[in-house]
Amino acid sequence: MSDEDPRSRPADPAGTKPKVDPGSLVPRRALPVTSSAVEVDPRAPDADATTDDGHDLLPERLARAGAPALGAAPVRPPHQGRFQFVRGGLIAVALAAIAGIVAIVLAGTGDGGDKVPWSTWKPTSSSLSPAASQIASHIGAEYKLTASQQLVVVTGGPLQLSGAGIDGGGLPLQIALAHSGDYSLIGGETVLYRLCGLGPKCAIAKGKASTERHLLLRRESLELSLYTFRYVKDVSNVVVFMPPKLGDDPSEALFFRKHDVSTEVSRPLAETLPGTPPLPNTVDSRPDASFVDRFTTSHLFSFSLTQANQDNSAFLVLEPFQSAAG
């Protein structure tokens, strides 16, 4: 065997020098192979996941058996936060709109929960006699002949003639309404108001009769009926006796049924009769003058009283009225 230093040998001309390190061809220790996931106790030290020579058994830490390894965190779209903010805003606006609609609906249901009351005043009772008396006193004081003088005194109560019945009680009245030559008996609870000017036979003692004054009396009669239908329970009809001209007998009456004024009773009084009551010389310049004139004229009648034959009662006969001046 030659003692020549191999490093001094010339390059291998025949190409027999190996190009691969022979040590790299020696296989490493075989990795264990399993056909199912290996459950690894998360409390076990990390060394359990390596072989004796320090190599990892798997390229990643093994997950529990039956559970997939956690993947990468999902990529959030770049505008997702903005879209969620806009969607939340739209939902909030929709909820606010619904709440507003509910509030508006509830605001118009009944006097007990009205945000805007039907009137600034109302009677303390809903029973016919006390309520009608309170309404008569309140409305009577509101209407003036002059700035300092009341137009008429108003009384109100059930449909009867006071003191004309048995034992001094009221004589009940039944309405007989004339129409095209026929008469219809009108049923239902009725309130009767009387407008008295404190002159002879309840005529207005001062001033001169005029169409303006008559219009103001009809406006007062309409307001009496609206208050009655709004606040007095179980009332179907309202009759108002108008004051006569000086020297005449009372003969004019306004007659309203509940369905006649259902629209006006369902909305605040100020929408029908705005402002405080006018004086006779300003009534026809008010915004409600045309409506009051047209509406009340169609409910104006001539009245008469007729004693019944067999019982202690009488008929209030109402016939269409032809002219109006008060």
Side-chain angles (χ1 to χ4, degrees), residues 114 116-123 134-156 193-199 202-231 238-248 250-258 260-303 320-326:
D114 281 350
V116 178
W118 186 82
S119 62
T120 57
W121 174 90
K122 67 178 182 179
Q134 291 179 30
I135 292 170
S137 297
H138 174 75
I139 301 301
E142 293 288 307
Y143 281 78
K144 306 289 186 179
L145 182 62
T146 65
S148 59
Q149 185 176 353
Q150 190 168 318
L151 180 62
V152 289
V153 172
V154 184
T155 57
Y193 292 103
R194 300 174 179 87
L195 308 186
C196 185
L198 301 181
C202 276
I204 296 176
K206 296 183 179 181
K208 184 178 180 180
S210 66
T211 56
E212 291 80 15
R213 195 170 75 179
H214 195 272
L215 175 60
L216 185 59
L217 289 166
R218 285 184 279 137
R219 188 185 196 273
E220 184 172 9
S221 300
L222 175 60
E223 188 163 355
L224 287 166
S225 72
L226 295 179
Y227 267 95
T228 303
F229 289 127
R230 181 70 183 187
Y231 292 121
V238 170
V239 174
V240 184
F241 286 170
M242 296 277 282
K245 294 180 183 179
L246 277 172
D248 292 348
S251 62
E252 298 178 26
L254 284 155
F255 173 57
F256 302 97
R257 284 182 277 193
K258 192 169 186 177
D260 295 331
V261 293
S262 59
T263 299
E264 289 72 26
V265 171
S266 66
R267 64 191 182 193
L269 178 65
E271 294 185 15
T272 304
L273 302 175
T276 57
L279 296 174
N281 60 351
T282 60
V283 63
D284 57 358
S285 63
R286 296 294 291 270
D288 56 59
S290 177
F291 164 75
V292 171
D293 186 27
R294 181 180 67 257
F295 186 78
T296 58
T297 298
S298 66
H299 291 82
L300 186 63
F301 297 85
S302 295
F303 78 88
F321 193 76
Q322 301 301 322
S323 63

Calculate, to the nearest 0.5 Å, the distance between atoms [atom1] and [atom2] belonging to [X] and [Y] respectively.
X    : Y    : atom1 : atom2 : value
R213 : N281 : CZ    : CG    : 12.5 Å
L195 : I139 : CG    : CD1   : 11.5 Å
M242 : E220 : CE    : CD    : 9.0 Å
I204 : L145 : CD1   : CG    : 6.5 Å
E252 : L217 : CD    : CG    : 9.0 Å
R230 : K258 : CZ    : NZ    : 10.0 Å

(request) Over 60° means perpendicular and under 30° means parallel, so classify the ring planes of F256 and F295, tilted if in between. (result) parallel
(request) Look at the aromatic rings of H138 and W121 and report parallel, tilted or perpendicular, splitting at 30° and 60°. (result)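 Parallel.
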(message) I'd like to check Q149 versus K144 (side-chain heavy atoms, cut-off strictly below 4.5 Å). Are they in contact?
(response) no
(message) Any heavy-atom pair between the side chains of F229 and V261 that's under 4.5 Å?
(response) yes
(message) I need the minimum non-hydrogen distance between V240 and S221, along with the two atoms involved.
(response)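 That closest heavy-atom pairing would be CG1-OG, 3.3 Å.
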(message) If I compare all heavy atoms of L222 with all of F291, which pair ends up nearest, and what's the gap?
(response) CD2-CE2, 4.1 Å
Could you tell me which residues satisfy ring pair (Phe, Tyr, Trp, His ring centres under 6.0 Å) with [X], sequence neighbours excluded, listed by chain and number?
X    : result
Y193 : none
F255 : none
F303 : F241

Run the side-chain donor-acceptor check on residues 266-278: report pairs under 3.5 Å with partners two or more places apart or on a different chain.
unit_1: S266; atom_1: OG; unit_2: S262; atom_2: O; d: 3.3
unit_1: S266; atom_1: OG; unit_2: T263; atom_2: O; d: 2.8
unit_1: R267; atom_1: NE; unit_2: T272; atom_2: OG1; d: 3.4

(message) D293 and side-chain hydrogen bond (donor to acceptor under 3.5 Å, both in side chains): which single residue from H214, R218, R219 fits?
(response) R218
(message) If the condition is side-chain contact (heavy atoms from CB on, under 4.5 Å), which residues does D248 pass it with, not counting sequence neighbours?
(response)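 Checked D248 against side-chain contact (heavy atoms from CB on, under 4.5 Å); matches are P244, K245.
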(request) Go through the structure and list residues passing side-chain contact (heavy atoms from CB on, under 4.5 Å) with S137, not counting sequence neighbours. (result)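 Here no residue qualifies.
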